[in-house]
2 protein chains.
Amino acid sequence: MPRRTRRQVLDELALAGRAHSTGVVLFHAALAAKQGLGPTETKALDLLERLGPMTAGEFGTRTGLAPASITGLIDRLEQKGFAKRVKDPADGRRVLVEYDPASSKRFAPHFMGFMKDLEALYEGYTLEELEVVRRFLVEVAEIQTEAAVKLNELP
Amino acid sequence: MPRRTRRQVLDELALAGRAHSTGVVLFHAALAAKQGLGPTETKALDLLERLGPMTAGEFGTRTGLAPASITGLIDRLEQKGFAKRVKDPADGRRVLVEYDPASSKRFAPHFMGFMKDLEALYEGYTLEELEVVRRFLVEVAEIQTEAAVKLNELP
DNA sequence: CCGTTTATTTCGTTCCATCGAAAGAACTAA
DNA sequence: TTAGTTCTTTCGATGGAACGAAATAAACGG
């Protein structure tokens with residue numbers, strides 16, 4: 001008979017998961033605020049970073065914004081130095097929006113302390129344990145992202 | 001000599017961490033959108049849920065909003081059924097804002113599938129592994145929340 | 001009691017992100 | 001070359017969330 005039942009451990013894990021999620025959200029919100037970015041801009045930059053350069057039109061469909069709004073959005077991102085417009089060499093009508101990688105470095109100082117703390121944290125785990133954690137994170141990420149997509153498209 | 005060096009595992013872990021964070025943010029944003037909540041309202045509800053009932057004034061300082069804005073915010077939350085006003089029995093000038101727990105149940109259906117998938121995921125882990133993951137999540141949550149606080153107060 | 005202080009709301013205004021419609025620029029095909 | 005199509009931007013308008021200042025309501029201290 002284990003000291004804690006599996007159910008107990010699972011419940012505690014769920015609690016830990018909530019706490020962790022809250023931490024993630026708080027951190028992201030704080031970082032966005034520090035960068036002077038609104039919710040839409042944050043989301044947009046995330047898209048650019050993950051999917052790479054895209055046309056203004058595609059940017060619009062992916063963010064769900066009207067064409068006119070996209071122009072304003074790109075204007076703001078450009079003015080704040082997070083993205084830039086590049087004329088599509090193949091088609092002069094199109095404008096490619098691309099993420100400026102320098103912008104991530106610009107805010108690296110804010111990350112440094114956090115990164116250091118994480119590295120220190122890792123010291124308390126064996127290689128095997130880290131591998132378990134990695135697998136868990138990847139699998140949860142997949143489920144969660146899928147759930148988010150379903151939420152968005154369902155109703 | 002291990003098949004993968006510790007450094008490699010750590011790098012992969014960092015990558016997994018990023019993917020997971022993205023998933024968390026996407027899911028939260030999708031859920032908020034489905035509930036018809038704006039960024040401020042989401043943040044405010046999170047405060048109420050974590051810290052319990054508080055006066056309108058305290059609510060204002062915690063959210064960083066002006067008194068006039070708080071009234072509107074509470075109005076919206078109340079109208080949407082996520083919170084309610086309660087007269088402070090000890091001081092008639094004050095208004096306590098409290099989270100309505102029923103509102104979380106109201107959106108439970110959207111969680112169900114996600115929860116089921118998570119439970120299924122847990123089946124692939126031993127009790128010891130789940131405990132490792134729990135510890136990791138708790139420790140990271142602490143570091144991350146602390147980092148968020150620092151980000152907010154620093155400049 | 002009566003003036004003062006504290007807590008919230010009301011009021012009128014401002015700012016900003018978004019929108020629809022139309023204009024402008026560039027490719028395509030006949 | 002020109003007519004039609006596609007992509008982005010400009011323009012003017014709208015709505016919502018935030019603000020400061022004044023108004024209201026309740027507690028507190030003389």
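Because only heavy atoms are used, hydrogens play no part in the values below, and waters and symmetry mates are left out as well, while side chains stay in.
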For the backbone of [Y] and the side chain of [X], can you confirm whether one donor and one acceptor N or O come within less than 3.5 Å of each other?
X: B:Glu98; Y: B:Arg85; answer: no
X: A:Tyr125; Y: A:Val133; answer: no
X: B:Glu78; Y: B:Asp75; answer: no

For the pair made of [atom1] in [X] and [atom2] in [N], what is the distance, rounded to whole Å?
X: B:Phe59; N: C:dA7; atom1: CZ; atom2: P; value: 17 Å
X: B:Asp75; N: C:dT10; atom1: CG; atom2: P; value: 7 Å
X: B:Leu73; N: D:dA17; atom1: CG; atom2: P; value: 9 Å
X: B:Lys87; N: D:dA25; atom1: NZ; atom2: C1'; value: 8 Å
X: A:Glu41; N: C:dT18; atom1: CD; atom2: P; value: 8 Å
X: A:Ile74; N: C:dT18; atom1: CD1; atom2: P; value: 12 Å
X: B:Leu96; N: C:dA7; atom1: CG; atom2: P; value: 13 Å
X: B:Ile70; N: D:dA18; atom1: CD1; atom2: P; value: 9 Å

What I want to find out is whether [X] reaches [Y] closely enough, with some N-O distance under 4.0 Å, to be called a salt bridge.
X: B:Arg18; Y: A:Glu49; answer: yes
X: A:Arg134; Y: A:Glu131; answer: yes
X: B:Asp100; Y: B:Lys105; answer: no

Looking across every strand, which nucleic acid part, if any, lies under 4.0 Å from [X] by heavy atom: base, sugar-phosphate, or nothing?
X: B:Gly92; answer: sugar-phosphate
X: B:Leu65; answer: sugar-phosphate
X: A:Ala68; answer: base

Q.
Tell me if the side-chain of B:Arg93 makes a donor-acceptor pair with the base of C:dT6, cut-off 3.5 Å, by modelled atom types.
A. yes
Q) Which of residues 76-84 of chain B sit near DNA chain D, with a heavy atom under 4.0 Å from it? A)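 Per residue number, the list reads B:Arg76.
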Q: Please check the phosphate of C:dT18 (OP1 and OP2 only) for any side-chain N or O of A:Thr40 closer than 4.0 Å.
A: yes
Q | Parallel, tilted or perpendicular: rings of A:Tyr122 and B:Phe136 (30°, 60°) | A |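 Geometry flag for A:Tyr122 against B:Phe136: parallel rings.
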Q. Start at the 5' end of DNA chain C and walk down; is the nucleotide closest to A:Ser69 or to A:Asp91 reached first?
A.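 Mapping each residue to its closest nucleotide by heavy atoms, the 5'-most match is A:Ser69.
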Q) A:Ala90 or A:Gly64: which one's nearest nucleotide on DNA chain C is closer to the 5' end? A)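 Comparing both residues, the 5'-ward one is A:Gly64.
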From the options [options], select the nucleotide whose nearest atom is closest to the side chain of [X].
X: B:Thr55; options: C:dA21, C:dT8, D:dA18; value: C:dT8
X: A:Arg94; options: D:dC7, D:dT9, C:dA17; value: D:dC7
X: A:Arg85; options: C:dG20, D:dT9, C:dT8; value: D:dT9

Q: Tell me, with the steps shown, if A:Leu65 and A:Phe59 meet side chain to side chain contact (heavy atoms under 4.5 Å, CB included).
A: CA-CA 8 Å; A:Leu65 268 60; A:Phe59 204 39; over 6 Å; no
